[in-house]
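Whatever order the structure lists ligands and atoms in, that order sets their numbers, starting from 1. One-based numbering along the sequence shown. Just so we're clear, the structure is a prediction, and the values are computed from it rather than from any experiment.
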Amino acid sequence: MIILSLFHGGLRHGLLVTKGLRCCAAALAVSLCTVPLAWASPESLLAKMTLSQKIGQLQQSHLEAVTAEDIPKEVKEAIRQGRVGSYLNINTVAVANELQRLAVEEGPHGVPLLVARDVIHGYKTIFPIPLGQAATWNPDAVEQGARIAAIEASADGIRWTFAPMLDISRDARWGRIAESFGEDPYLTSVMGVASVMGYQGKDLSQGDSTHIAATAKHFLGYGAAEAGRDYNTTYIPEPLLHNQYLPPFSAAVAAGSASIMTAFNDLNGVPASISSYLMDTILRQELAYKGVIVSDWDSVVETVVHGGAEDNKDAAYKAAKAGLDMEMVSTSYADHLAALIQEGKISELEIDQKVLRILRLKAQLGLFEQPYTDIARQAEKKHPKFHQTAKEVAAQSLVLLKNDVPSHKKAAKLGKVLPLKPGQKVALIGPMVDAAHDQMGTWAMDGEKQDSITVLQAFEQAKVKGSVQYRYVPGLDFSRDKSTKGFKKAIKAAKWADVIVYVGGEEAALSGEAHSRANIRLPGAQEALLAALKQTGTPLVVVLMAGRQIELHDVLESFDSLVMAWHPGTMGGPAIVDVLTGVSEPVGRLPVTWPKMGGQLPMYYNHKNTGRPPQSRPFIMMDDYPLEAHQHSLGHAATHMDAGYLPQYPFGFGLSYSEVHYSDLAMAKRVLARDEAIRVSAVVKNTGLRPVTEVVQFYVQDIAGSVTRPVKELKQFQRVVLAPGEAKTVTFELSHKDLMFFNAKTQHVFEPGAFRAWIAPHAAAGKPLTFTVR
Ligand code: NOJ
């Protein structure tokens with residue numbers, strides 16, 4: 001994978017840093033500025049600070065200014081007086097540099113600011129939404145995306161991002177599922193670590209100003225919002241919290257995430273931003289986390305609304321005592337900490353610890369040596385190589401969910417609909433064929449739609465190369481469009497074509513923060529348009545762009561092929577066309593379980609078994625119930641009468657243009673002593689005609705435990721490249737430590753006993769073998 005070596009270590013630029021002097025002419029467009037370096041160490045700096053300057057370091061304020069001239073007087077004054085430690089939402093180098101100039105030259109002790117921004121899945125070059133990145137099952141792809149985002153963002157002076165979001169997401173109604181790596185603790189951990197590495201590099205303190213600090217968020221359990229309504233209450237009992245929701249954060253802490261953000265939710269009766277259980281017991285004590293804890297936007301004062309604090313002063317007291325370092329936007333610390341110290345409720349020593357963590361982060365980022373960003377670095381943004389990487393990552397995020405031989409006789413001769421055949425006439429239909437803005441998805445604040453290459457533009461490029469011919473008729477103008485006035489023309493184009501490529505789904509604004517949906521079907525008149533297109537008899541390929549799984553129960557039958565493209569980012573169009581035409585192989589796999597109906601939610605593969613697991617018992621679908629049927633429960637199981645018990649597609653699922661056969665699941669030894677390596681292998685063979693990258697998944701079930709264990713859990717996976725006809729033996733190795741879990745007393749334990757293991761293409765496939773660890 002391409003370009004990272006080029007950018008590792010950063011594109012060197014021309015600011016001079018000499019002992020005792022900073023020459024920042026290029027950055028500031030002023031002749032020369034000299035700043036005496038009063039800097040020795042965070043501790044020595046702290047010793048010089050007044051209490052109000054210390055409290056100032058704990059404040060993160062919000063500023064939206066485009067030019068240095070836009071910076072309001074009050075903001076300048078706040079910096080000069082040392083009342084702010086960080087600003088968020090800066091996105092121009094001119095503003096970043098001017099803020100830093102005010103801080104280091106006119107503020108007390110020359111303490112630089114932390115300039116922060118939500119750089120979530122790309123800055124200027126937009127990568128697929130995180131859920132799409134998780135679908136690559138390729139941590140290198142995630143790392144590259146974060147690395148490029150860091151280079152572009154740091155070129156504008158941004159040195160701190162609020163990503164990755166590591167909230168386990170089991171409910172597609174929740175709008176922020178788009179921003180997550182899905183439902184699985186292991187996959188989320190692997191992707192979260194890759195993301196932290198991409199933003200921060202191996203060591204943030206190496207002095208490379210193209211790296212930025214990461215934030216693992218939101219601590220903790222935010223994704224379990226009741227009914228998928230954002231910000232909603234969560235109840236997550238131990239040990240579920242420790243076994244499912246915590247692991248990605250433990251992994252991010254171990255990988256050195258510079259900061260952690262608290263969450264908006266009330267968890268088990270205590271709002272997360274004032275929870276000493278979360279911040280002190282878990283983060284500081286259990287995980288020995290040393291970095292900065294920042295609140296979410298206003299989340300400290302919102303604890304008053306939750307009913308967790310009497311007023312803002314009480315909120316500040318509780319947050320400070322619980323372990324929160326920096327307050328985002330609201331000002332309860334600035335307004336009340338001094339009084340709380342005077343009243344003896346909080347000690348200055350406690351404040352010192354918080355300030356030190358913030359000063360250390362500034363030091364780690366090298367901001368004391370170099371607070372400014374060279375304006376020459378502007379040229380680094382939107383590098384063609386970044387776009388090339390974005391295209392490759394987007395292509396890898398596409399998940400082929402269905403690919404049938406069409407029933408239509410003439411078309412059936414050509415076999416499966418995808419990849420498209422050279423010379424085929426394609427009707428390009430749907431509201432997202434040319435959706436330059438919407439293909440970027442949620443949290444793409446700095447992406448510019450004129451940089452996006454849409455599916456339409458990519459088809460045009462392919463046409464120029466002579467590989468396709470097409471007609472474009474959108475049928476609907478946007479995803480929520482309810483008007484059928486465009487149907488007639490779309491149907492005409494469909495009748496002309498050999499194959500319909502429909503690109504629809506959800507606009508960017510239908511997922512993301514505060515954008516939850518109760519009904520997760522295709523919005524607008526899309527289902528009606530798809531039904532009308534099917535009537536033409538022309539084979540129907542559906543490409544969905546969406547921030548979540550979409551309920552397709554009533555329409556899926558009519559699709560010949562289905563590709564899930566998430567919101568694929570700037571280069572979504574070419575990535576999709578490459579996969580549709582077979583230039584790239586589809587390699588993505590679902591990072592979430594795909595429900596048949598919204599009413600099945602929350603739905604996830606690593607659930608508990610229940611006493612009446614549905615697989616083993618017959619059940620009757622609602623329409624088959626006799627009238628006036630007797631009330632009885634015998635023989636019934638954990639199902640819905642109208643949806644059954646299976647999802648539409650299981651976790652880990654995804655097709656390719658080839659076929660892979662799994663066999664020979666084996667273990668040399670089935671009874672092992674505790675310290676022996678647990679090695680399980682299987683043979684995977686490409687029995688098709690095209691190369692594949694197979695995501696070989698390894699699941700384990702702990703059959704019985706002191707607390708009941710999930711039906712299976714992903715333990716590892718490998719991406720295995722197989723040429724046509726090629727077979728490989730794939731071996732996974734675990735130690736008994738990988739089988740440990742948190743028991744009812746929140747102790748991390750290994751319990752000897754019997755286990756099942758699967759090596760399979762997805763969570764619902766394969767037969768397990770059983771082994772025992774003593
Ligand atoms: C609120 C969101 O919950 C959080 O994820 C984000 O980083 C902050 N706002 C800052 O914009």
Side-chain angles (χ1 to χ4, degrees), residues 59-65 84-91 113-123 129-131 146 149-150 153 156 158-169 174-181 188 192 195-196 199 212-225 228-234 245 248-249 252 257-267 271-273 275 278 291-303 305-306 319 324-331 441-447 508-509 511-516 547:
Q59 177 69 48
Q60 179 176 66
S61 294
H62 166 237
L63 173 66
E64 269 175 21
V84 187
S86 169
Y87 278 97
L88 85 157
N89 277 344
I90 314 305
N91 66 346
L113 293 159
L114 285 167
V115 174
R117 177 98 171 145
D118 288 281
V119 179
I120 306 296
H121 54 108
Y123 180 62
I129 54 169
L131 193 59
D156 274 344
I158 297 160
R159 298 301 307 283
W160 187 13
T161 183
F162 304 126
M165 189 184 101
L166 302 179
D167 296 304
I168 295 301
S169 306
W174 190 47
R176 297 196 84 168
I177 193 171
E179 210 187 319
S180 79
F181 291 125
T188 301
S195 176
V196 170
Y199 289 121
I212 65 178
T215 306
K217 70 185 188 186
H218 305 84
F219 205 72
L220 186 66
Y222 181 41
R229 289 204 300 275
D230 207 1
Y231 316 123
N232 210 4
T233 307
T234 59
Y245 289 87
F249 288 90
S257 182
S259 65
I260 288 183
M261 186 187 291
T262 63
F264 281 128
N265 53 301
D266 165 338
L267 174 67
S273 294
S275 168
L278 292 180
V292 171
I293 303 179
V294 62
S295 77
D296 204 338
W297 185 296
D298 278 354
S299 68
V300 175
V301 297
E302 285 177 11
T303 64
V305 190
H306 277 288
L324 184 87
D325 297 323
M326 183 176 265
E327 181 174 5
M328 184 189 285
V329 181
S330 56
T331 57
T442 185
W443 281 120
M445 298 189 299
D446 298 290
S511 60
E513 185 180 346
H515 291 70
S516 296

Query raised in the report: Does the N or O separation between Trp297 and ligand 1 drop below 3.5 Å for any pair?
Result: no

**Report entry** Check: Arg176 N/O within less than 3.5 Å of ligand 1 N/O
**Finding:** yes

Query - Arg117 bridged to Asp156 by N-O distance under 4.0 Å - result: no

Requested in this report: May I ask you to check whether Tyr245 and Asp167 show a side-chain donor-acceptor distance below 3.5 Å?
Outcome: no

Query - Ligand-side contact atoms (ligand 1) for residue partner Phe264, heavy atom cut-off under 4.0 Å - result: 1 (C), 3 (O)

Report summary line: Lys217 heavy atoms within 4.0 Å reach ligand 1 at atoms 4 (C), 5 (O), 6 (C), 7 (O)

Report task. For ligand 1, indicate whether the residue His62 contacts it via side chain, backbone, both or neither (heavy-atom separation under 4.0 Å). Result -> neither

Report summary line: So OG of Ser180 and CH2 of Trp174: to nearest 0.5 Å the spacing works out to 6.5 Å

Requested in this report: Check each atom of ligand 1 against the heavy atoms of His218 and keep those under 4.0 Å away; list them by number with element.
Outcome: 3 (O), 4 (C), 5 (O)

Requested in this report: Return the residue, atom name and 0.1 Å-rounded distance of the protein heavy atom closest to atom 1 (C) of ligand 1.
Outcome: Asp296 OD1, 2.9 Å

Requested in this report: Classify the angle between the aromatic ring planes of His218 and Phe264 as parallel (below 30°), tilted (30 to 60°) or perpendicular (above 60°).
Outcome: parallel

Query raised in the report: Taking only heavy atoms of Phe162, which atoms of ligand 1 are found under 4.0 Å from at least one of them?
Result: 7 (O)

Query raised in the report: Quick one: does ligand 1 sit under 4.0 Å from the side chain of Met165, the backbone, both or neither, non-hydrogen atoms only?
Result: neither

Query - Val292: side-chain contact (heavy atoms from CB on, under 4.5 Å) partners, not counting sequence neighbours - result: Ser259, Asp325, Arg357, Ile358, Leu361

Requested in this report: Please write down residue, atom name and distance for the protein heavy atom closest to atom 11 (O) of ligand 1.
Outcome: Asp118 OD2, 2.4 Å

**Report entry** CD-CE distance between Gln59 and Met328, expressed to the nearest 0.5 angstrom
**Finding:** 11.0 Å

Query raised in the report: Got a second to check how far Phe249's CZ is from Ile168's CD1, nearest 0.5 Å?
Result: 8.5 Å

